[in-house]
There are 2 protein chains.
Amino acid sequence: MTAAKHDVFQAIADPTRREVIRLLSKKELPISEISAHFPISRTAVAKHLRVLSEANLVKGQKVGREKIYRLQPEPLGEVKQWLSYYEQFWNNKLSILKHVVEKEDDNEESIKMIKTDKQ
Amino acid sequence: MTAAKHDVFQAIADPTRREVIRLLSKKELPISEISAHFPISRTAVAKHLRVLSEANLVKGQKVGREKIYRLQPEPLGEVKQWLSYYEQFWNNKLSILKHVVEKEDDNEESIKMIKTDKQ
DNA sequence: TAGACACGAAACCAAAAGGTGTTATATAAT
DNA sequence: ATTATATAACACCTTTTGGTTTCGTGTCTA
């Protein structure tokens, strides 16, 4: 089920939908709270949520009279996989590492773990 | 001025355009050769190329009567950066590191470079 | 039991997307 | 010089997108 009409690439193409994703990454929210963050109508937001839902990026659950949406980030893996092929062409893998390393407290540990894993 | 009308997220949303990107990643090509790979008209392909061009994912250069397009993968970095924020929510960061590390020969060095950089 | 609230569904609309085909122009080849 | 080629530039068509309003239904709460 969960229709295949929209794929993840299309789903993330819209800035509003990316912002919805960002909001939901912080915490699950009902539609009305989500739409409070946008200048557009609740109905319009609901439509974006349907697109996200069709791409399985989001899942809504009815709770009382509300419908709570939460992020399901797994489909982003497809994008990542697609991207990974092109990394060889602009070769800034260092910046990826840098990003991760600079943002983490336990990065030394992570790196060690992998290195150990390799032996 | 390489118009800002289309961003990279929109550009990669279309399967045809992703396929064009794939083709150009192998080797630069004139429009007619690109469109030979698709069931649609050359004009339609040219439009896709214009979208890609506006997103700076592709650059065309006139050579004689042909216009040769080549891939410019740098803007994909924006997608990658966007994605990197969400990696924490699914595939734990280790898989990123793992991917990079396993694919590189000089990874030890890379990692050292960064670590050194931090001190 | 009445409202008020949260949502879904439907009808509608304008603009953009993704196509088409035709015509014009510069370059290459004969 | 003529003709064929590669593409640009239009004009046009149809479907999708992103938005709106309105109305109906279920669910809390005073």
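Here is how names work: the chains are called A, B, and so on, in the same order as the sequence lines, proteins then strands, and each is numbered from 1.
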Please examine the side chains of [Y] and [X], heavy atoms only from C-beta on, and report whether any two atoms are closer than 4.5 Å.
X	Y	value
B/Leu24	A/Phe89	no
B/Tyr69	B/Val20	no
B/Gln61	B/Arg70	yes

task: Apply salt bridge (charged side-chain N to carboxylate O under 4.0 Å, His left out) to B/Lys47 and B/Asp14, showing your working.
output: CA-CA 12 Å; B/Lys47 282 193 190 177; B/Asp14 186 274; over 6 Å; no

field: First encountered from the 5' end of DNA chain C, between A/Lys47 and A/Glu66
entry: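 So the residue in question is A/Glu66.
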
field: 5' priority, DNA chain D, between A/Gly64 and A/His48 [closest heavy atom]
entry: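 Comparing both residues, the 5'-ward one is A/His48.
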
message: Checking contacts here: which listed nucleotide (C/dA17, C/dA4, C/dG19) is nearest the side-chain heavy atoms of A/Arg65?
response: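 So the side chain of A/Arg65 is nearest to C/dA4.
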
query: The side chain of B/Ile40 lies closest to which of these nucleotides: C/dG19, C/dG8, C/dT22?
result: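 Within the option list, the nearest is C/dG19.
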
In whole angstrom, give the distance that lies between atom [atom1] of [X] and atom [atom2] of [N].
X	N	atom1	atom2	answer
B/His6	C/dG18	NE2	C1'	11 Å
B/Lys62	C/dA28	NZ	C1'	16 Å
A/Leu29	C/dC7	CG	C1'	16 Å
A/Ile31	C/dA6	CD1	C1'	8 Å
B/Arg50	C/dG18	CZ	P	11 Å
B/Glu54	C/dA16	CD	P	13 Å
B/Phe9	C/dA17	CZ	P	17 Å
A/Gln61	C/dC7	CD	C1'	15 Å

message: Would A/Glu54 and A/Arg50 count as a salt bridge (charged side-chain N to carboxylate O under 4.0 Å, His left out) here? Give the steps.
response: CA-CA 6 Å; A/Glu54 284 169 2; A/Arg50 199 166 50 75; 3.0 Å; yes

Assign [X] to base, sugar-phosphate, or nothing according to its heavy-atom contacts below 4.0 angstrom with the strands shown.
X	value
A/Arg17	sugar-phosphate
B/Ser32	sugar-phosphate
A/Glu33	nothing

Side-chain donor/acceptor of A/Arg17 to backbone N/O of A/Gln10, under 3.5 Å: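 Here the side-chain-to-backbone pair exists.
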
query: Quick one: CZ on B/Arg22 to NZ on B/Lys26, what's the gap to the nearest 0.5 Å?
result: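 Rounded to the nearest 0.5 Å, the CZ-NZ separation comes to 5.5 Å.
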
- request: Heavy atoms of chain A, cut-off under 4.0 Å: which first and last nucleotide of DNA chain D, 5' to 3', fall inside that, if you could look?
  value: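 Contact span on the strand: D/dT17 to D/dC28.
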
